[in-house]
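Heads up: the structure comes next, in structure tokens.
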Amino acid sequence: MKVRFPRLPLMLIGSLLFVSVSIFAHHGTFVSYDTKHPVTLTGVVAEYHFTNPHTQLYFDVTDDKGNVTRWAAEGPAPEIWVEAGWGKKRTEATLAPGTKITITLSPARNGKPVGAAAKIFLANGEQVGPAGAGEPPNQ
């Protein structure tokens, strides 16, 4: 006697497992980045991308010996920038290549020059965009 399993329930369970794993795999900001030890860097914007799912800022930091390191900072989603009054045109104009910035970010745990941006300031002290994107909740 052959036992038959209903296909539809098995396919639904498999699909739900696949989707739930995919959803949780992406949101690792507080796992990938060291939010307890933020760093503040001063540099010059190289590129800025107002893209989903996270905005991306690339900037160059020059050390005391003149060595330049290109950093990448992940920012919040574009809709969060828009809610804070920073639409695409305004943000891209403000963070144009060559703009001097001071940025506080949560650095990557693996030591690479990558981080989750928390605060960005221009040379004149003006804060750019929404604050706190790379900070842990309740801080």
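Everything numeric in this text was worked out from a predicted model, so none of it was measured. For the numbers below, each heavy atom of this structure counts, side chains included, while hydrogens, waters and symmetry mates do not.
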Gap separating the [atom1] atom of [X] from the [atom2] atom of [Y], nearest 0.5 angstrom:
| X | Y | atom1 | atom2 | value |
| --- | --- | --- | --- | --- |
| Thr94 | Ile120 | OG1 | CD1 | 10.5 Å |
| His49 | Leu57 | NE2 | CG | 9.5 Å |
| Ile103 | Thr40 | CD1 | OG1 | 9.0 Å |
| Ile101 | Lys119 | CD1 | NZ | 15.0 Å |
| Arg90 | Phe50 | CZ | CZ | 11.0 Å |
| Lys88 | Thr55 | NZ | OG1 | 12.0 Å |

Testing the basics here: between [X] and [Y], what is the closest heavy-atom pair and its distance to 0.1 Å?
| X | Y | result |
| --- | --- | --- |
| Asp60 | Ala46 | OD2-CB, 4.1 Å |
| Gly115 | Leu105 | CA-CD1, 4.0 Å |
| Tyr33 | Arg109 | O-NH2, 3.3 Å |
| Thr69 | Pro113 | CG2-CB, 3.8 Å |
| Pro38 | Thr104 | CB-CG2, 4.1 Å |

Could you check whether any side-chain heavy atom of [X] comes within less than 4.5 Å of a side-chain heavy atom of [Y], counting everything from C-beta outward?
| X | Y | result |
| --- | --- | --- |
| Leu41 | Thr102 | no |
| Trp81 | Pro130 | yes |
| Pro78 | Asn52 | yes |
| Thr99 | Leu122 | yes |

Assess the side chains of Gln56 and His54: does a donor N or O sit below 3.5 Å from an acceptor N or O?
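Not at all, the side chains of Gln56 and His54 share no donor-acceptor pair under 3.5 Å.
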same_hphob_cluster([X], [Y]) at 4.5 Å side-chain heavy-atom cutoff:
| X | Y | answer |
| --- | --- | --- |
| Val45 | Phe121 | no |
| Val39 | Tyr58 | no |
| Trp86 | Ile80 | no |

Would you say Asp64 has more than 12 foreign heavy atoms packed within less than 6.0 Å of its CG?
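Incorrect, the count does not exceed 12.
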Going by side chain to side chain contact (heavy atoms under 4.5 Å, CB included), Lys100 matches just one of Asn124, Val44, Thr42. Which one?
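Of Asn124, Val44, Thr42, side chain to side chain contact (heavy atoms under 4.5 Å, CB included) with Lys100 is met by Val44 alone.
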Report the relative orientation of the aromatic rings in Phe59 and Trp71; use parallel for angles under 30°, tilted for 30 to 60°, perpendicular for over 60°.
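Aromatic pair Phe59/Trp71 classed parallel.
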